[in-house]
Amino acid sequence: MKLEGTVAIVTGGGSGLGAATARRLAVAGARVAILDLNAAAAAQVADEIGGFGTPCDISDANGAALAIAKAKEALGPPRILASVAGIGTAKRIVGREGPQPLEDFVQVVRVNLIGSFNMLRLAAAEMATLEPLEDGERCVIVQTASIAAFDGQVGQAAYSASKGGVVSMTLPAARELAQFGIRVLTLAPGLFLTPLMEELPEAAQNSLAASIPFPKRLGNPSEFAELLLSCVVNRALNGEVIRIDGALRLPPR
C-alpha cells in the first residue's frame with residue numbers, strides 16, 4: 001500500500017510505541033489520526049506531525065466508534081489501523097493478601113484484548129466499504145501483542161492472557177477479512193525504551209538490556225515503527241505474528 005495521502009489511525013499514539021508509529025507514518029506521507037486515552041498527549045503529537053488527535057477509550061464501543069467517526073470527518077476514511085494502545089500489570093495470582101482481585105484481570109483483558117477487537121471490528125466495517133486498490137487490497141490492520149504472549153513471566157497471567165488473545169485472533173481475522181481485501185497482522189515487541197521503562201533506575205534498565213542476545217540494548221520505539229511500516233507496504237504479509245525482540249526469550253522471573 002502506498003502511504004502518500006493515505007489516512008491512518010494510531011491508537012495509543014500519544015506516547016511510546018504509538019507516538020513513534022504516528023511520527024513514522026507521517027514522515028512516509030500518511031495523514032495520521034491519533035487516538036489516545038490522554039487527550040492532551042494525542043493533541044500534542046497531532047500538532048507535531050500535522051495530524052488529528054482525539055481522546056479515545058478503545059474498550060468503549062460507543063466512544064471508539066465516535067473517535068473513528070471524528071477521524072474520518074477530519075482526514076477522510078482510514079485505510080490503516082495501527083492498534084498500539086494497551087496497559088500492563090504485574091500481580092501474582094495468589095499474593096500475600098490472597099487471590100488477585102478479579103477486577104485487575106478483567107481490566108487488563110478489557111483494554112488489551114477486547115479493546116483491540118473493538119477497534120478491529122469498527123475499523124474493518126469502515127474499510128470494507130472503500131474502493132479496492134492494487135491487487136484488490138483495501139486496507140491494513142496491524143495489532144500489538146507482546147512476547148509475554150509466548151513467554152509470560154510470574155505475575156503476568158493477566159497481561160499474557162490478554163496479549164495471547166490478540167495473537168490468537170490474528171489468523172482468523174485475516175482469513176475472514178481477506179474477502180474485503182483487508183490484511184491483518186500483529187507485532188509482538190520485547191523490551192523497548194518506552195516512557196514506562198524510562199521510569200526505572202538506569203541500573204535496572206541496563207540489567208534488562210543485558211538479557212537481550214542482540215542487540216544488547218532496549219529496543220528503540222522507532223524500530224517498532226519501522227517494522228509496522230514494512231507490514232503496511234508489503235502486501236505479501238498477512239495473518240502473521242512477528243516478534244521484534246532481539247532473540248529474547250523471557251525467563252520465568
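Heavy atoms only: backbone and side chains are in, while hydrogens, waters and symmetry mates are out.
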Open item on the list: Evaluate Tyr159 against Ile87 for side chain to side chain contact (heavy atoms under 4.5 Å, CB included), listing each step before the verdict.
Closed with: CA-CA 8 Å; Tyr159 185 68; Ile87 61 173; over 6 Å; no

Nearest heavy-atom neighbours spanning [X] and [Y]:
X      : Y      : result
Arg249 : Arg243 : NH1-NH2, 3.1 Å
Gly76  : Val7   : O-CG1, 3.6 Å
Ala158 : Thr89  : CB-CG2, 4.1 Å
Leu130 : Pro78  : CD1-O, 3.5 Å
Leu122 : Ala65  : CD1-N, 3.7 Å
Lys163 : Asn112 : CE-ND2, 4.0 Å

Donor-acceptor pair, side chain of [X] and main chain of [Y], under 3.5 angstrom:
X      : Y      : answer
Asn38  : Ala41  : yes
Arg183 : Cys231 : yes
Ser160 : Ala157 : no
Asp36  : Ala42  : no
Asp245 : Ala247 : yes
Thr144 : Ser83  : yes
Lys91  : Gln100 : no
Glu137 : Arg235 : no
Lys70  : Leu66  : no
Asn238 : Val184 : yes

Side-chain heavy atoms under 4.5 angstrom apart, residues restricted to Ile, Leu, Val, Met, Phe, Trp, Tyr: same cluster for [X] and [Y]?
X      : Y      : answer
Phe224 : Ile49  : yes
Leu35  : Leu25  : no
Ile80  : Met119 : no
Leu171 : Met169 : no
Val10  : Leu17  : yes

Open item on the list: If you count every heavy atom of other residues, nucleotides or ligands that lies below 6.0 Å from Glu176 atom CD, does the total exceed 12?
Closed with: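 Counting other residues, nucleotides and ligands, CD of Glu176 stays at 12 neighbours or fewer.
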
- [ ] May I ask you to check whether over 12 heavy atoms, not counting those of Arg121, lie within 6.0 Å of atom CZ?
- [x]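 Counting other residues, nucleotides and ligands, CZ of Arg121 exceeds 12 neighbours.
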
TODO: Would you list the pairs meeting side chain to side chain donor-acceptor pair (under 3.5 Å) in which at least one residue belongs to residues 1-28, sequence neighbours left out?
DONE: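 Qualifying pairs, neighbours excluded: Arg23-Glu48, Arg24-Glu226.
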
Task: Qualifying residue, where the test is side-chain contact (heavy atoms from CB on, under 4.5 Å) with Arg138 and the options are Glu131, Met127, Arg79 - done: Arg79

Does the side chain of [Y] come within less than 4.5 Å of [X]'s, by heavy atoms?
X      : Y      : value
Gln143 : Leu187 : no
Leu81  : Val142 : no
Leu191 : Ile212 : yes
Asn234 : Leu237 : yes
Val154 : Arg253 : yes

How many angstroms lie between atom [atom1] of [X] and atom [atom2] of [Y], to the nearest 0.5 angstrom?
X      : Y      : atom1 : atom2 : answer
Ile9   : Arg31  : CD1   : CZ    : 12.5 Å
Ser230 : Leu185 : OG    : CG    : 11.0 Å
Ile58  : Leu120 : CD1   : CG    : 11.5 Å
Ile34  : Asp47  : CD1   : CG    : 9.0 Å

Open item on the list: Between Leu250 and Ile147, is the side chain to side chain contact (heavy atoms under 4.5 Å, CB included) condition met? List the steps.
Closed with: CA-CA 8 Å; Leu250 296 173; Ile147 60 171; 3.7 Å; yes

Open item on the list: Could you work out, with side chain to side chain contact (heavy atoms under 4.5 Å, CB included) as the rule, every residue matching Pro101, not counting sequence neighbours?
Closed with: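 Only Glu103, Asp104 meet the side chain to side chain contact (heavy atoms under 4.5 Å, CB included) criterion with Pro101.
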
